[in-house]
Amino acid sequence: MREQDSIRSIKGIGEKTEKLFTKLGIVTVGDFLRYYPRDYDEYKEPVSVSEAEEGKKTAVLGRIAGRVGMSNTGKRTVVTVSLRDERSSLQLTWYNMPFLRNTLRSGGLYIFRGIVVKKGGRLTMEQPEIFGREDYEAMLHTLYPVYSLTKGLTNKLMVKTMHQILDSREITAEYLPEEYRNHYQLAEYNYALSHTHFPKDKKDLVIGRKRLVFDEFLFFILSVRMMKEKNMDSRNAFAMKPVWETENVIENLPYPLTNAQKRVWNEIETNMTGHTRMSRLVQGDVGSGKTIIAFLSMILTAANGYQAALMVPTEVLARQHYEELCKLLEKQGMPFEAVLLTGSNTAREKRERYEKIVSGTARLVVGTHALIQEKVIYENLALVITDEQHRFGVGQRENLSKKGTKPHVLVMSATPIPRTLAIILYGDLDISVMDELPAKRLPIKNCVVDTSYRPKAYSFIQKQVQEGRQVYVICPMVEESEGLEAENVLDYSQKLKEALPGNIQVAYLHGRMKAAEKNRIMEQFAANEIQVLVSTTVIEVGVNVPNATVMMVENAERFGLAQLHQLRGRVGRGEHQSYCIFVQGGQDAETKERLEILVKSNDGFYIAGEDLRLRGPGDLFGIRQSGLLEFRLADIFQDAEILKEASEAAGSILALDRDLSLPQNARLRDCLQSYTKNRIETPGL
Ligand SMILES: Nc1ncnc2c1ncn2[C@@H]1O[C@H](COP(=O)(O)OP(=O)(O)OP(=O)(O)O)[C@@H](O)[C@H]1O
C-alpha cells in the first residue's frame, strides 16, 4: 500500500465508507496516515463509587448491588445496575444491549468506565465500558487514540483501519538528514507516525509528536523562505501616486480612523507609492477595523488605473466584503466596478465576470479560491490581498501572485502571534500591527457559567431579540457523534426553537452545508430575518453583523482561548452593549479558571499567552489554540520552542543549499514539493 493509493485499496473499505472518509478530507492512504487523533483516552487508576466525580470520564471499581434489571421503554431495552459503597451509589444504564443481563452478575466486581452525569438528582453513567480487573490492568496507563468522526463512522473503525495501514504500508524513506535528527533529537519518521497514532505512554507520544510537528513547521518555513528567494526582485512594478479618492473615503467615513489605522494606512500607502514592492502583513486584533484598510488599498490601486484582488477563505465572507465594498464605492460616487468571484457562480456569471477582469472593466475583484483559477486572467493585477492568510497555503498565495507581474501583497490576520514567532512564520513579509480598538466601543460583558444557567440564558436571549438584537450560539459539533459528549448544531438548533417563542427565527450554519445554502442563511442573518444563528466555528472568521450582541458558546472548554476570543469578536462590533456567555460542559475548576481569563482581558495577545502559561507547554492533551495557519498537528503557541528549532534548521539547510539541489537533500525537496502541492484545506467543521 502506497501513500498515494486511494483509501479504496484498503481491505474492507467500500464505496459507502469511502464517502464518509471523504467528508473528513481523507481520500488517499497518506491522508489517512496524517489524520491525527484529536485526543487520547487515558486508562487511569479506577476509583471507588464515592470518589466518582460528576462531569469526568472515570473508571469506577465496584460491586453490583442487587439484581441486574432490564426493562423495555418504547423501542429500547434498558439494562440497569447499581453500584454502592458506604457513602454513595451510582446507577449504570445501557440501551439496546439486552445480552448484558446474562453477562453481568449480581454481586460481581467490575470496572465500569464512562462519563459520570447527574440525572434526576442521582449520579449515573450511561453506556459505560465494562472490564474485569485483569483486563483493565492490562490497559492501565495506555493511551487510546480518539479521532474526529462523522455520522456513520466509529472510532473503532478508524483505529482498526489505521492499524491496517500502518502494518501494510510501504515504509517512507527518511527525508530529514541524520545530523538534524541527532541535533534536534528527533525520532525517525515512521516511528513518529505510528507512535503518534498509538503511543505506548505519554512520554512516547511526546517523542513521536515532536518529530511530526517539527516537520510541519520545517516544510512551512522552507516553502515561505524559498518563495521569498524566488521573489527576490523587489522593485515596485506598479509605482502609484497618492490619490484624493482615498482621502475622500477617510473624510466621509461615519467614524474617525483610530491612530493605529492611520499609522498602518500610512505605512501601506508609503510602501505602494515607493520604490519597493509591498509584501506586508497587517496584524490586528478582532474588530480593530482591518477591512477599511484593505478597501483603501484597493481604491488606491484602482484610482491608479490598476486592478486589485481580495481573496478570503469563505464564500460568506467574500459576499460580505463585496457588498460592503460596493456600498462604499456607491456612497462616494466612485466609478470603479467590483466583481464577486466564488465557486457558486453560474457558468454564465463566471464567463461575464472573467470577461470584465480580462478587459480591465472590473478593477476590483473580491472572492474565494475561485480568484486563482487558471481561467481568470487579469489585465493588470497590481495588488493581492489575502484576508486571514492562515486559511491559505503558501502555494495558493503564490498562485495568486503569479497572476500579475509581481503584484503588491497584503495579508490580513487577526491572529495574536507574538512578534518573534510572526517573524518566523511570515518571514517573507513586513509586519504592521494594529494594536488599538475603535474608541467608542462598549466593552463586552462576559460570564463563564455551567449548563444549569441555560434557562436564564435563553430568557436573556429572548429579551435581547425583543429589543431588536441578534444572537450567535456556537456548538463544537455539526451532528451527534459517537463517544463525544458535546453539543451539536443540528440538535441544539431544534432545542432552541422549542425553548424560544415561535416568532424568533432560529437557523443553523456549518461547514458541511452547500455554499449557496450558507450564503442564504448568512444573508438572512445580516438582514435580521434570522435572529438566532446556531453555528460551528465557521462563523469565527471575519463575519461582521454589528447588530448581533450575544455570543453564547456551548462546551466552551473544547475551544482554545484564542479561538474563543475570535468568536467573541463577532459581537461588540456596533453601538449596542454586547454579551458573551461561555457555557462550560462540566464543572471542572481548572477549566473554569482558564475560561475566566477571557473575562479578565480583551487583549488577544495577552489571552493567548495566559492560556499557554496555565496549560504549560507540556500539555499535549489540551485543545489546540485554534486552527491557526494550516498545521494539522502543530500549534504555534504550544509548540513555540519546536517552531524556533525548525526555523533554525531551515536556516542552516538553506544556507548550504539554497534551492535544495544537493543530493543529500533530494528526498527533502521531493517531500517539500508534494507538501506545497497537496496541501488540502482542513475539512469544514
Ligand atoms: N475607526 C473606527 N471607528 C469605529 N468603528 C470602526 C472603525 N474602523 C472600523 N469600524 C467598524 O468596526 C467593525 C469591525 O471592523 P472590521 O470588520 O474591519 O474588523 P476586523 O479588524 O476585520 O475584525 P475581524 O478580524 O474580527 O474580522 C465594522 O463594523 C467597521 O465598520
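Treat the numbers as computed from the prediction; the structure is a model and nothing was measured. Numbering of ligands and ligand atoms starts at 1, following listing order.
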Please work out, at 4.0 Å between heavy atoms, whether the side chain, the backbone, both, or neither of [X] comes within that distance of ligand 1.
X      : answer
Met412 : neither
Gln261 : side chain
Asn544 : side chain

TODO: Looking only at distances, please establish whether an N/O atom of ligand 1 is found under 3.5 Å from an N/O atom of Leu257.
DONE: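 No, there is no polar N/O contact under 3.5 Å.
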Task: Backbone or side-chain N or O of Ile292 under 3.5 Å from ligand 1 N or O - done: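 N/O-N/O distance below 3.5 Å does not exist for this pair.
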- [ ] Considering the heavy atoms of Thr291, write down every atom of ligand 1 situated less than 4.0 Å from one of them.
- [x]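 The list of qualifying atoms is 16 (P), 17 (O), 18 (O), 22 (O).
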Report yes or no: do [X] and [Y] form a side-chain donor-acceptor pair below 3.5 Å?
X      : Y      : answer
Ser578 : Arg570 : no
Asn236 : His408 : yes
Glu315 : Thr342 : yes

TODO: Would you check whether Met434 reaches within less than 4.0 Å of ligand 1, judged by its heavy atoms?
DONE: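 Contact absent.
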Task: Close approach of Pro256 to ligand 1, heavy atoms, under 4.0 angstrom - done: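 Per 4.0 Å heavy-atom rule, Pro256 contacts ligand 1.
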- [ ] State plainly whether the residues Lys644 and Glu641 are in salt-bridge range, i.e. N to O under 4.0 Å.
- [x]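 Between Glu641 and Lys644 there is a salt bridge, with a charged N closer than 4.0 Å to a carboxylate O.
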Task: Step-by-step side-chain hydrogen bond (donor to acceptor under 3.5 Å, both in side chains) determination, Asn555 to Glu557 - done: CA-CA 5 Å; Asn555 296 108; Glu557 73 281 0; 3.2 Å; yes
- [ ] Assess the pair Phe525 and Tyr472: is the distance between their ring centroids shorter than 6.0 Å?
- [x]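 They qualify: ring centres under 6.0 Å apart.
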